[in-house]
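Encoded as structure tokens, the structure appears first; notes follow it.
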Amino acid sequence: MDKLLQLGLDMSNLWDKYHSMYLSGVGKTLLLAVIGTAIGCLIGFVCGILQTIPYTKNDHVVKRFLLKLVRVIVRAYVEVFRGTPMILQAVFIFFGLPYFTANAMQFTNMWAVSILVVSINTGAYMAESVRGGIISVDPGQTEGAKAIGMNHFQTMVHVILPQAIRNIIPQIGNNFIINIKDTSVMFIIGFTEFFATHKGVVGATYKYFPSAAIEMIGYLTMTLVASFLLRLLEKKMDGSNSYELAQVDALTMTAGNYNHPGRGTPFDERNPEAVKSMLREELRRQAEQDEAKRQGQRAETRRQNAAGDHDQRGE
């Protein structure tokens, strides 16, 4: 218990003295993660779409060669950047360029190189996510689009991608959360994000664990908030759970508000008693309508018979 109290006291002292540095690190981490994820998604969408462009043996040989070449390049890019740690990618990009050009070319802006590393790393993961999202769309959607005269570009933009995007939203959010944490490796090239702030504070105070505890809480808070916002985005894209159901069958519900079965409505297949009760009610109403029709027909028959008798007496 004494150790916990001492840890809390040390964390409080560090926060009082260095909170502006910690908050600055948080801001840089979030900004780098947002920009890197956004650019990485664009790279992933381009690579994913290029990998799914169809071709047949009847296409021109140049088109087939170019598409195969593009797929080889994209595959090599994906495998290299998915198969190596981001920290080594940062080292190779930041230190490799001046190494191979004898310092003729080198990065002078830490933001530029950090965004580049995070973006191309995210793009490699998103390329496969986008490809999988496109493939997951029912092939019948493509066939239907072609049947009404759409070309591949129109089909992709108006039919496939809107559905694929919804399918890969969780993966985009997952990559964003990963980037919030993995930007910590950028300290290796001198970028002062949240983790680099921690190392600076430790160097000044020699209180490693209390500062690490602050870092842990900070990263956990950022990822929890990001997860919450992404859940809201998913619900927003799913739309409302209520919609209009138009039916003409007397045994089913007439036009009106119909709630999604997942919300536990009487139409929920998991509530058979409610379904039976609704069907019995509809059958009763149908029987009443039929009986009213029969009574009306009998009354009309009596009226016609009475009119016939009157005519006979008149003669």
Side-chain angles (χ1 to χ4, degrees), residues 23-52 70 73-74 77-82 84-87 89-90 92-94 107-134 136-137 153 156-158 160-196 218-238:
L23 292 177
S24 176
V26 168
K28 291 180 179 179
T29 292
L30 289 175
L31 185 59
L32 178 58
V34 169
I35 297 175
T37 303
I39 298 176
C41 286
L42 292 178
I43 296 173
F45 270 96
V46 172
C47 293
I49 292 172
L50 289 175
Q51 291 185 91
T52 57
V70 166
I73 294 174
V74 171
Y77 157 66
V78 170
E79 295 300 332
V80 169
F81 283 92
R82 284 200 313 174
T84 56
M86 187 187 291
I87 189 170
Q89 295 167 15
F92 269 75
I93 291 175
F94 184 72
F107 288 98
T108 58
N109 190 315
M110 290 294 103
W111 274 101
V113 66
S114 298
I115 290 173
L116 176 63
V117 172
V118 176
S119 298
I120 59 179
N121 181 273
T122 304
Y125 286 92
M126 285 306 305
E128 287 300 289
S129 298
V130 172
R131 186 179 70 86
I134 292 174
S136 69
V137 177
F153 178 80
M156 187 62 65
V157 172
H158 300 291
I160 304 300
L161 281 182
Q163 300 177 68
I165 290 174
R166 175 59 189 88
N167 292 340
I168 64 176
I169 280 293
Q171 186 59 36
I172 293 175
N174 188 49
N175 283 329
F176 175 61
I177 291 173
I178 290 174
N179 283 340
I180 289 177
K181 298 178 295 180
D182 284 359
T183 52
S184 60
V185 304
M186 291 299 110
F187 81 92
I188 199 70
I189 60 174
F191 185 75
T192 54
E193 39 65 62
F194 194 32
F195 188 74
Y219 278 114
L220 182 61
T221 301
M222 287 188 283
T223 54
L224 288 177
V225 172
S227 297
F228 175 74
L229 294 177
L230 289 167
R231 299 284 187 198
L232 291 181
L233 177 61
E234 289 182 29
K235 290 183 179 180
K236 186 69 175 179
M237 294 188 70
D238 286 338

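Heads up: numbering here begins at 1 and tracks the sequence. These numbers were taken from a predicted model, which means no experiment stands behind them.
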Distance check, rounded to the nearest 0.5 Å: [X] atom [atom1] versus [Y] atom [atom2]?
X	Y	atom1	atom2	value
Ser136	Gln163	OG	CD	8.5 Å
Tyr219	Ile177	OH	CD1	14.5 Å
Met126	Ile43	CE	CD1	11.0 Å
Ile115	Met110	CD1	CE	12.0 Å
Asn121	Asp182	CG	CG	7.0 Å
Asn174	Leu230	CG	CG	9.5 Å

Between Phe94 and Val117, does a side-chain contact (heavy atoms from CB on, under 4.5 Å) hold up when you go through it step by step? CA-CA 9 Å; Phe94 184 72; Val117 172; over 6 Å; no
So, do [X] and [Y] sit near enough that their side-chain heavy atoms are less than 4.5 Å apart?
X	Y	result
Gln89	Val185	no
Met186	Phe195	no
Ile172	Cys41	yes
Met86	Asn179	yes
Phe107	Ile189	no
Thr183	Ser114	no
Trp111	Phe191	yes
Ile73	Leu50	no

Residue pair [X] / [Y]: nearest heavy atoms and the distance that separates them:
X	Y	answer
Ile39	Ser119	CB-OG, 3.4 Å
Val130	Ile49	CG1-N, 4.4 Å
Pro170	Asn167	CD-O, 3.6 Å
Ala90	Ile188	CB-CG2, 4.3 Å
Tyr125	Arg82	OH-O, 3.5 Å
Ser129	Gln171	OG-CG, 2.9 Å

Criterion side-chain contact (heavy atoms from CB on, under 4.5 Å) on Leu42 and Val46, from CA distance to verdict: CA-CA 6 Å; Leu42 292 178; Val46 172; 5.7 Å; no
Using a distance-only test with no angle check, is there a side-chain donor-acceptor pair under 3.5 angstrom linking Thr192 and Lys28?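 Their side chains do contain a donor-acceptor pair, which is all the 3.5 Å distance test asks for.
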List the steps and the verdict of side-chain contact (heavy atoms from CB on, under 4.5 Å) for Phe194 and Leu32. CA-CA 11 Å; Phe194 194 32; Leu32 178 58; over 6 Å; no
Distance-only, no hydrogens or angles: does the Glu193 side chain make a donor-acceptor pair with backbone N or O of Ala196 under 3.5 Å? yes
Quick check: are there more than 12 heavy atoms from other residues, nucleotides or ligands sitting under 6.0 Å from CZ of Arg231? no
Gln51 and Glu128: side-chain contact (heavy atoms from CB on, under 4.5 Å), yes or no, with the steps? CA-CA 9 Å; Gln51 291 185 91; Glu128 287 300 289; 3.7 Å; yes
